[in-house]
Amino acid sequence: MTKVKIGIIGGSGLYKMEALTDVEEIRVDTPFGSPSDAFIVGTLEGTRVAFLPRHDRNHALLPSELPFRANIYGMKSLGVEYLISASAVGSLKEEVKPLDLVVVDQFIDRTKGRISTFFGEGIAGHITFENPTCPQLAKMLADAAESLNLSDINVHRSGTYLCMEGPAFSTKAESNLYRSWGATVIGMTNLPEAKLAREAEIAYATLALSTDYDCWHEEHESVTVEMVINNLHKNAVNAQKVIQETVRRLSQNQFVSDSHSALKNAILTPLDKVPA
Ligand code: ADE
């Protein structure tokens, strides 16, 4: 199979990309078990892309149950060099309204014990993670989103994503704490993906789609699954437009990202001592 350089991970509400043509389903086995679902490989804007529904197409997987390593390993084995991740989030800032889009550029980790590395078992390595998303891919995503002039929707070109464990939503005290830390949005999935993508030398960017004001806002109801679902459908339509436009730009300009050489100087174990 020819290499598929562009990967897309769809979050809650985004279980397929309607615009894909010449679609084939590819199941990939990995040393880390099965990915969340089969990869849907198809053509978008004249380019082959691999789409994966993060929670499986029937939304059967909790954030804590996601096979993050298998998902990223699977993308890498298909040849993916650029990975666009779409994710439903709660807003922790007044100015990020439900349905707004945030191109995330920082993360805060509040997950518990998720395996977020391919290192270990004889190989000690530490990637640089000052900028956890690829600035060029994030810029392309933000430019693409802005160019669409989606009505009543603001595009926020940067923002900090607080990644919580879940599955319960936050308490009000937690929500206010995260606001005091300066976090912009809250979700349950993106940080392990960003770390593993960097270790896999894949350029990664997150399109966060706001569905609610979590539970801190005095004038808005606290987040419920019903509220999230109501906005997910609209978000999924917008996400597909933004991703399609990003893929169009990316297929015309396949830049070299720092992420593509993230392992240079990252591994402490001498190469001749690395287990085969
Ligand atoms: N995903 C969508 N809304 C969320 C919220 N308020 N907290 C965590 N994850 C979310």
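Order of listing sets the numbers, starting from 1, for every ligand and every atom in it.
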> Short list, please: which atoms of ligand 1 are under 4.0 Å from a heavy atom of Ala88?
Replying inline: 1 (N), 2 (C)
> Looking only at heavy atoms, what is the nearest atom pair of Gly33 and Ala70, with distance?
Replying inline: O-CB, 3.5 Å
>> Regarding Ser85 and Glu193, do their side chains bring together a donor and an acceptor under 3.5 Å, going by distance alone?
In response: yes
> By number and element, which atoms of ligand 1 are closer than 4.0 Å to a non-hydrogen atom of Thr211?
Replying inline: 2 (C), 3 (N)
> Quick one: does ligand 1 sit under 4.0 Å from the side chain of Asp212, the backbone, both or neither, non-hydrogen atoms only?
Replying inline: side chain
> Which protein heavy atom lies closest to atom 10 (C) of ligand 1, and at what distance to 0.1 Å?
Replying inline: Ile186 O, 3.7 Å
> What do you reckon, are the aromatic ring centroids of Phe129 and Phe107 less than 6.0 Å apart?
Replying inline: no
> Is the His220 ring parallel, tilted or perpendicular to the His217 ring (thresholds 30°, 60°)?
Replying inline: perpendicular
> Any chain of hydrophobic side-chain contacts (each under 4.5 Å) joining Tyr204 to Val247?
Replying inline: no
> Atoms of ligand 1 less than 4.0 Å from Met164 heavy atoms?
Replying inline: 8 (C)
> Looking only at N/O atoms, are Gly90 and ligand 1 under 3.5 Å apart anywhere?
Replying inline: yes
> Which ligand 1 atoms are under 4.0 Å away from a heavy-atom of Asp214?
Replying inline: 5 (C), 6 (N), 7 (N)
> In terms of side-chain geometry, is the basic nitrogen of Asp109 or Lys195 positioned less than 4.0 Å from the acidic oxygen of its partner?
Replying inline: yes
>> I'd like to check which ligand 1 atoms, numbered from 1 as shown, lie under 4.0 Å from a non-hydrogen atom of Met188.
In response: 8 (C), 9 (N)
